[in-house]
Each structure stands twice: as C-alpha cells, then as structure tokens.
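The structure under discussion appears below in the form of structure tokens.
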There are 2 protein chains.
Amino acid sequence: MPAITPSRAESFSIGELSKHVGVNIETIRYYERIKMLPAPGRSANGRRVYGPAEARILAFIRRSRDLGFTLEEIRALLALGGPERASCADVHKIASAHLTNVRSKLSDLVKLEAILAETVARCSDGAAPDCPVLDILDAGRRG
Amino acid sequence: MPAITPSRAESFSIGELSKHVGVNIETIRYYERIKMLPAPGRSANGRRVYGPAEARILAFIRRSRDLGFTLEEIRALLALGGPERASCADVHKIASAHLTNVRSKLSDLVKLEAILAETVARCSDGAAPDCPVLDILDAGRRG
DNA sequence: CATGCATCCTGTAGTCCCTACAGGATCAAG
DNA sequence: CTTGATCCTGTAGGGACTACAGGATGCATG
C-alpha cells in the first residue's frame, strides 16, 4: 500500500493534492475559479485544505480530461452525480454522444498509428534520400 | 473524378480552397499570418490566389492536425520536405515520438470506450435510480 | 532568534489554436 | 444599379491551461 505522506487524518494541502492526483497546482486553482471544483475549506492562515471528496472529484476531472471530455461535459457529468441526481437518461445521452466521438477518434488513431509506423519504418535510419513525408498527405485521401 | 468547380486552370480563391480542403477561411488566413502557409499570389484586386501546391500543403497541415500533431511539429515536418531536405532521421525522430504518444492515447481511448459502453448500457433508459457516473473514476485506477 | 528556502496566497498576463466580428471593398447576377 | 456573396485587414474573444509578479506564511537549521 502506498504511504501518502499524510498531513493529519485525511486532509491535504494544495501541493499534496497536486502531487497525489497529478494535476498542476495552478490548474487546481483555475478549476476552483471556474467552479469545476468546490471551494475547499481554509486553515487558520488562509490555506486551502482538501479532503478525500475533493481529491475524488479532481481525479475524476483529470481522468475525464485525459480521455477527451471538455470541461463543460465533465461539469454536466458531475452535476448528474451531485445532489440533484438527474436522471440516468441524461448520463446516457452525454455518454453515448461522447462514445460516438470516441469511436471516431479511435478509428482515426488506429489509421494514424499504421501510417506513422509505416513512415517510421520507411525512414528507418536516414537511408532513403528523399523522405516520404508528404506521402502522409496522400495516404489519407479517401479513395 | 470529382469536378472541383474550377476557377480557371488550377487556381482557387480562398473560399474554394477552404471548401476543397475543409479548412476554415479564417484559419487559412491565420496559417498565413503565422507562416505555416506561404503567402499566396494576389490577383489584381488584391485577393489571394492559390494553386495546387498550396492546396497540397494545406491538406497536409489539416490532416496532420487531425492526427494530433502540433503546428510546431508540422512546421518541422514541412521544413523537412522543403528545399533544405534534411535527413530522414529527423522525420523518423518526430514521427516516432508522436507514435509513442498516439499509442498511449489509443490505449486510453480503448479503455474509455469500454467504460462508456458499459455506462451507457447500465444506464440504458433511466431505469437505474443512481447512475454509476463516478464509477468512471474508479474504473480507471491502475490496480 | 534570525535566516533561508519551500510552499502558499492573489491577481494578471501569456500560450496555443483557432473563431468571430467590425468595417470596408469588390465581384457577378438580375 | 442594386443586391448579396465573397473577399480584405485588423482586432478581440474563447477554451484550457501555464507562468509570473509580488507577497505572506511555515518549517528547519545555525
């Protein structure tokens, strides 16, 4: 089990949270400013004090961002899990719209992987006198 | 063969180029401003006149952007295909670095697709009272 | 106790890659 | 000759950060 340099019981400073979740300190403050993240409690000296709930939300945001959701989409997703608990149908709508997106990105990336791999292979060590760089262009033409 | 509403022989206006390649007019001018695209010739009245060469470059940029290269990377790739024709090794370096990137994104997306598909299925029609939204979070934990 | 360095604070400005708009000029059609 | 589409330049806005200025604290050490 990973020892998590704990402050007290279950509270972190912004710096700890940042390291813990892998999100830049500036970005955490930015999320707070734009209300992606609830404003945390403050210690006597005015420093932000986070608990596991905030960490969980931030991790969710982080992961969702990595996966290509916009902050607006994430906001919507978070709201669905929140106090109002909107209908599952809404989640379904957001998620399936995004799924379509993801699937098309996925197929693009698969193609790209092939093209890149081929390019890399062909150019392998500077042997070829003129590189097939611009071929990437033509490779993508729908025939 | 697709008829390409041709102006004269092989020259397009910015609007034609835009439609042809699928890049916003504003974006084309932006690319010119930041020197991604060479400044094209101008007609007597001061309008941009593009030929197939520019179209080719723009298509290359468009495709590369779609595929996730940054403009800086594309600039580098273009330079390699240009008059100086640097070594293929350079292309190899850029492309393979990007390939690594692409592969990791790809695996994330594959995971996401599964999670989303499952979420969509579980939430199927608003039946379930509490949605597994935040489960997306935990599903992504490296175990 | 003083010094130093890390961490925190607020606030503003910069980055990347566009996108939109204002305020005109010009063209082709009716 | 008027209308509407297209073009021009230039500037400002937007999303999602990221960096920096200018301070205030906290913590360890001599």
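Only a predicted model underlies this, so the values are computations on that prediction, with no experimental measurement involved. Sequence lines set the chain letters: A, B, ... in the order given, protein chains first and strands last, and positions in each chain run from 1.
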(message) For B:Tyr31 versus B:Val23, what's the shortest heavy-atom pair and its separation?
(response) CE1-CG1, 4.4 Å
Give me the distances for all protein-to-nucleotides 24-27 of chain C N/O pairs that come in under 3.5 Å?
from, atom 1, to, atom 2, distance (Å)
C:dT26, O2, B:Arg47, NH2, 3.3
C:dC27, OP1, B:Asn45, ND2, 2.9

(message) Near DNA chain D, counting only heavy atoms under 4.0 Å, which residues of residues 32-40 of chain B show up?
(response) none
(message) Could you tell me how far apart A:Asn24 (CG) and C:dT15 (P) are, to the nearest whole angstrom?
(response) 17 Å
(request) Please round to the nearest 0.5 Å and tell me the distance separating atom CG of B:Leu17 and atom CD1 of B:Ile28. (result) 4.0 Å
(request) Give the rounded distance in Å between these two atoms: CD1 of B:Ile61 and C1' of C:dC18. (result) 14 Å
(message) Rounded to the nearest 0.5 Å, what separates atom NE2 in B:His20 from atom OG in B:Ser13?
(response) 11.5 Å
(message) Test your reading of the model: is there a side-chain donor-acceptor pair from A:Arg29 to the backbone of A:Ile14, 3.5 Å cut-off?
(response) no
(request) Would you please name every residue forming a salt bridge (Lys or Arg N to Asp or Glu O under 4.0 Å) with B:Arg65, sequence neighbours left out? (result) none
(request) State the CZ-CG distance between A:Phe60 and A:Leu78, to the nearest 0.5 angstrom. (result) 5.0 Å
(message) In whole Å, I'd like the distance from the OH atom of A:Tyr30 to the P atom of C:dA13.
(response) 17 Å
(message) Quick check: do A:Asn24 and A:Tyr30 have side-chain heavy atoms less than 4.5 Å from each other?
(response) no
(request) Kindly say if B:Thr27 contacts the phosphate of C:dT19, meaning a side-chain N or O under 4.0 Å from OP1 or OP2. (result) yes
(request) Taking the side chain as every heavy atom from C-beta outward, state whether B:Ile61 and B:Val21 have any pair of such atoms under 4.5 Å apart. (result) no
(request) Examine C:dT7: is either OP1 or OP2 under 4.0 Å from a nitrogen or oxygen in the side chain of A:Ser13? Give yes or no. (result) no
(message) Quick check on the helix from C:dC1-D:dG30 to C:dG30-D:dC1: what's the angle between its two end axes, five base pairs per end, to the nearest 10°?
(response) 0°
(message) If you assign each of B:Glu72 and A:Glu26 to its closest nucleotide in DNA chain C, which residue comes earlier from the 5' end?
(response) A:Glu26
(request) Go through DNA chain D in 5' to 3' direction and return only the first and the last nucleotide with some atom under 4.0 Å of chain B's heavy atoms. (result) D:dT6 to D:dT9
(message) Salt bridge check, A:Lys19 against A:Glu16: does any charged N sit closer than 4.0 Å to a carboxylate O?
(response) no
For residues 39-51 of chain A, which side-chain N or O atoms pair as donor and acceptor with protein atoms under 3.5 Å away, sequence neighbours left out?
from, atom 1, to, atom 2, distance (Å)
A:Arg42, NH1, A:Gly46, O, 2.8
A:Ser43, OG, A:Asn45, OD1, 2.6
A:Ser43, OG, A:Arg47, N, 3.3
A:Asn45, OD1, A:Arg47, N, 3.4
A:Arg48, NE, A:Glu32, OE1, 2.7

(request) Please state whether the phosphate of C:dC18, meaning OP1 or OP2, lies under 4.0 angstrom from any side-chain nitrogen or oxygen of B:Arg65. (result) yes
(message) Looking at every heavy atom in both B:Phe12 and B:Ala55, which two are closest together, and how far apart are they?
(response) CE1-CB, 3.8 Å
(request) For A:Val49 and for B:Thr70, locate the closest nucleotide of DNA chain C by heavy-atom distance; then report the residue assigned to the nucleotide nearer the 5' terminus. (result) A:Val49
(message) Nearest whole Å is fine: how far is C:dC17 C1' from B:Ile74 CD1?
(response) 11 Å
(message) Return the CZ to OG1 distance between B:Arg33 and B:Thr27, rounded to the nearest 0.5 Å.
(response) 10.0 Å
(request) Report yes if some heavy atom in the side chain of B:Ile57 is under 4.5 Å from a heavy atom in the side chain of B:Pro38; otherwise report no. (result) yes
